[in-house]
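Side-chain atoms are counted along with the backbone in the values below, which use heavy atoms only and exclude waters and symmetry mates.
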Amino acid sequence: MSLTVAVCGALGRMGREVVKTIAAAPDLELTGAVDRGVDQPVDAGVAAGVGELGITVVSTLESLAANPPEILVDFTQPDSVMANAIRGLDMGSHLVIGTTGLSQGDLKQLDEAARATGRGVIVAPNFALGAVLMMNFAALAAKYFPDVEIIELHHEQKKDAPSGTAIKTAEMIRAAREANGFIDACWESLPGARGGDFDGIRIHSVRLPGFVAHQEVIFGLTGQTLTIRHDSTSRESFMPGVLLAIREVSKIEGLIYGLEHLLQL
Ligand code: NAD
């Protein structure tokens with residue numbers, strides 16, 4: 001028996017990669033594809049470049065209500081994801097969410113809604129294994145190096161800043177470090193020059209054509225620096241993590257935030 005999966009944001013950069021990945025997975029069946037940007041009937045497989053799959057992309061999630069998928073995967077936009085998620089849970093689907101920009105309050109609401117419906121939700125700001133390891137290595141280093149800054153670099157069409165990965169990294173560093181960083185007395189002659197301030201951890205967001213998803217975490221200590229860097233050079237890097245989440249999400253109830261909780265690290 002295949003797991004039935006629908007993709008929300010199926011015409012986007014990540015959505016098309018997810019459609020391609022599901023089409024190639026023998027244990028998964030694509031039963032729905034949604035994208036609010038669809039302007040003429042298009043097959044999800046054709047849009048993803050893998051040929052006809054017999055699934056026409058529809059413009060609203062409501063169109064899937066008659067035949068809800070077991071698992072709904074969302075790679076849309078920060079301003080869409082919560083409404084999609086609540087609709088998905090109401091339809092009875094488990095959720096795998098890659099869309100970034102969710103607040104702590106959103107995550108709490110998702111956990112409560114998932115528990116109320118007896119469904120699982122996996123939210124991962126980064127599905128790439130290397131990025132998960134980078135975050136964990138950063139948390140390990142933070143114990144010994146309290147002074148740290150994060151530089152994240154993404155393509156020019158990314159809609160939110162800083163990235164979900166940068167925020168998650170900062171959260172993990174904050175939880176792991178045993179002392180605060182130095183008091184930053186630097187005066188900015190150009191506002192924003194020192195980046196965003198996440199509890200004393202500076203985050204700098206670069207947006208340029210040519211990048212996919214990249215992050216450097218730079219630690220400084222007297223006489224030495226330590227740089228941990230991860231580069232996703234193609235969106236394929238996210239797919240093993242997305243597949244893992246799809247296969248695991250129906251086994252849980254409530255929210256899991258971060259792919260690291262599904263890995264033996
Ligand atoms: P994109 O702009 O290429 O695609 C988003 C798609 O979602 C668009 O086609 C848009 O029409 C559609 N959409 C928006 N609102 C919708 C709604 N309410 N219903 C249906 N469709 C809707 O963006 P992208 O590069 O594919 O990224 C999508 C999201 O995934 C972003 O938030 C990005 O930061 C995130 N992302 C996460 C990871 C990860 O590993 N978690 C990796 C890369 C990107």
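For the atom pair CD (Gln109) and CG (Leu102), the distance works out to 10.0 Å, reported to the nearest 0.5 Å. Note that the CD atom of Glu216 and the OG1 atom of Thr169 stand 12.5 Å from one another [nearest 0.5 Å]. Atoms CD1 and NE2, on Ile256 and His261 in that order, are 7.5 Å from each other to the nearest 0.5 Å. With rounding to the nearest 0.5 Å, the separation of CG in Asn180 from CG in Asp199 is 8.0 Å. The CG atom of Leu30 sits 11.0 Å away from the OG1 atom of Thr21 when rounded to the nearest 0.5 Å. One distance of note links CG of Leu95 with CD1 of Ile246; it measures 12.0 Å at 0.5 Å rounding.
In this structure, Val217 and Thr227 have side chains that are not in contact, with every pair of non-hydrogen atoms separated by 4.5 Å or more. Side-chain contact between Asp79 and Lys159 is absent, with no heavy atoms from C-beta onward closer than 4.5 Å. Under the 4.5 Å side-chain criterion, counting only non-hydrogen atoms from C-beta, Phe219 is in contact with Ile173. Between Leu226 and Phe145, the closest side-chain pair of non-hydrogen atoms falls below 4.5 Å. Side-chain contact between Gln215 and Leu153: absent, with no pair of heavy atoms (C-beta onward) separated by less than 4.5 Å. Between His204 and Glu149 there is a side-chain heavy-atom pair separated by less than 4.5 Å. Looking only at side-chain heavy atoms (C-beta outward), Ile150 and Ile201 come within less than 4.5 Å of each other. With contacts defined as side-chain heavy-atom distances shorter than 4.5 Å, the pair Val96/Asp74 does not qualify.
The pair Glu260-Lys168 meets the salt-bridge criterion, with a side-chain N (NZ, NE, NH1 or NH2) lying under 4.0 Å from an Asp/Glu carboxylate O. Between Glu152 and Arg207 there is a salt bridge, since a side-chain N of the basic residue sits under 4.0 Å from a carboxylate O of the acidic one. Ionic pairing of Glu188 and Arg194 is not present here: no N-O contact between side-chain nitrogen and carboxylate oxygen is shorter than 4.0 angstrom. For Glu112 and Arg115, the salt-bridge test fails: no basic side-chain N is under 4.0 Å from an acidic carboxylate O. Contact check on Lys251 versus Glu248 returns a salt bridge, with a Lys/Arg side-chain nitrogen under 4.0 Å from an Asp/Glu carboxylate oxygen. Taking a cutoff of 4.0 Å between a charged side-chain nitrogen and a carboxylate oxygen, Arg229 and Asp231 qualify as a salt bridge.
Considering every non-hydrogen atom in both Ser163 and His154, the closest pair reads CB-CE1, 3.5 Å. The two atoms that bring Ala170 and Phe198 nearest to each other are CB-CD2, 3.4 Å, heavy atoms only. Across every non-hydrogen atom of Phe127 and Gly98, the tightest pair is CE1-CA, 3.6 Å. Heavy-atom minimum distance, Leu110 versus Ala85: CD2-CB, 3.5 Å. In plain terms, the two heavy atoms of Pro162 and Ile203 that are nearest each other are CB-CG2, 3.6 Å. Looking at every heavy atom in both residues, Gly101 comes nearest to Pro78 through CA-CB, 4.3 Å.
Within the 3.5 Å criterion, the main-chain N or O of Phe182 finds a donor-acceptor partner in the side chain of Asp147. Here the side chain of Arg119 pairs a donor or acceptor atom with the backbone of Gly92 at under 3.5 angstrom. Checking side-chain atoms of Asp111 against main-chain N and O of Lys108 turns up no donor-acceptor pair under 3.5 Å. When atom types are taken as modelled, the side chain of Asp27 and the backbone of Ser2 share no donor-acceptor pair closer than 3.5 angstrom. Under the 3.5 Å distance criterion, the side-chain polar atoms of Thr99 are matched with a main-chain donor or acceptor of Thr76. Without hydrogens or angle criteria, His94 side chain to Gly120 main chain gives a donor-acceptor distance under 3.5 Å. Proximity of a side-chain donor or acceptor of Ser93 to a complementary backbone N or O of Leu89 within less than 3.5 Å is not detected. In this structure, the side chain of Asp197 does not engage the main chain of Arg202 through any donor-acceptor pair within 3.5 Å.
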- Give the C-alpha distance, both sets of side-chain angles, the deciding distance and a yes or no for side chain to side chain contact (heavy atoms under 4.5 Å, CB included) between Leu61 and Met91. CA-CA 9 Å; Leu61 254 181; Met91 286 195 307; 3.9 Å; yes

- Task: Please assess Val34 against Ser63 for the test side chain to side chain contact (heavy atoms under 4.5 Å, CB included), listing each intermediate value before the final yes or no.
- Result: CA-CA 9 Å; Val34 186; Ser63 312; over 6 Å; no

- Could you please spell out the steps behind the side chain to side chain contact (heavy atoms under 4.5 Å, CB included) verdict for Leu64 and Thr31? CA-CA 9 Å; Leu64 303 186; Thr31 58; over 6 Å; no

- Message: Checking Asp160 against Thr100 for the side-chain hydrogen bond (donor to acceptor under 3.5 Å, both in side chains) test, could you report, in this order, the C-alpha distance in whole Å, the side-chain angles of both residues, the deciding distance, and whether it holds?
- Response: CA-CA 8 Å; Asp160 53 322; Thr100 52; 2.8 Å; yes

- Message: Does Glu171 form a side-chain hydrogen bond (donor to acceptor under 3.5 Å, both in side chains) with Gln104? I'd like the steps, not just the answer.
- Response: CA-CA 11 Å; Glu171 285 169 356; Gln104 288 298 326; 2.8 Å; yes

- Evaluate the criterion side chain to side chain contact (heavy atoms under 4.5 Å, CB included) for residue pair Leu259 and Leu244; output intermediate values, then yes/no. CA-CA 9 Å; Leu259 191 68; Leu244 177 65; 4.3 Å; yes

- Task: Could you give me the CA-CA distance, side-chain angles and deciding distance for Thr4 and Glu29, then say whether side-chain hydrogen bond (donor to acceptor under 3.5 Å, both in side chains) is met?
- Result: CA-CA 5 Å; Thr4 58; Glu29 183 191 353; over 6 Å; no

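No continuous path of hydrophobic side-chain contacts links Val42 to Leu53 [ILVMFWY only; heavy atoms under 4.5 Å]. Hydrophobic clustering keeps Val5 apart from Leu72 (ILVMFWY residues linked when any side-chain heavy atoms are closer than 4.5 Å, directly or through intermediates). In the hydrophobic clustering of this structure, Leu140 does not group with Ile228; members are Ile, Leu, Val, Met, Phe, Trp, Tyr whose side-chain heavy atoms approach within less than 4.5 Å, directly or through other members. One hydrophobic cluster holds both Met14 and Leu243 under the rule that ILVMFWY side chains link at heavy-atom gaps under 4.5 Å. When the side chains of ILVMFWY residues are joined at heavy-atom separations under 4.5 Å, either directly or via intervening members, Ile167 and Ile151 end up in two distinct hydrophobic clusters.
Of the candidates Val7, Val242, Ile97, Phe75 forms a side-chain contact (heavy atoms from CB on, under 4.5 Å) with just one, namely Val242.
Within a 6.0 Å sphere centred on CG of Leu208, other residues, nucleotides and ligands contribute more than 12 heavy atoms.
For Glu253, the side-chain hydrogen bond (donor to acceptor under 3.5 Å, both in side chains) criterion is met by no residue, not counting sequence neighbours. Applying the ring pair (Phe, Tyr, Trp, His ring centres under 6.0 Å) rule to His214 yields the partners Phe211; only residues at least two apart in sequence or on another chain are considered.
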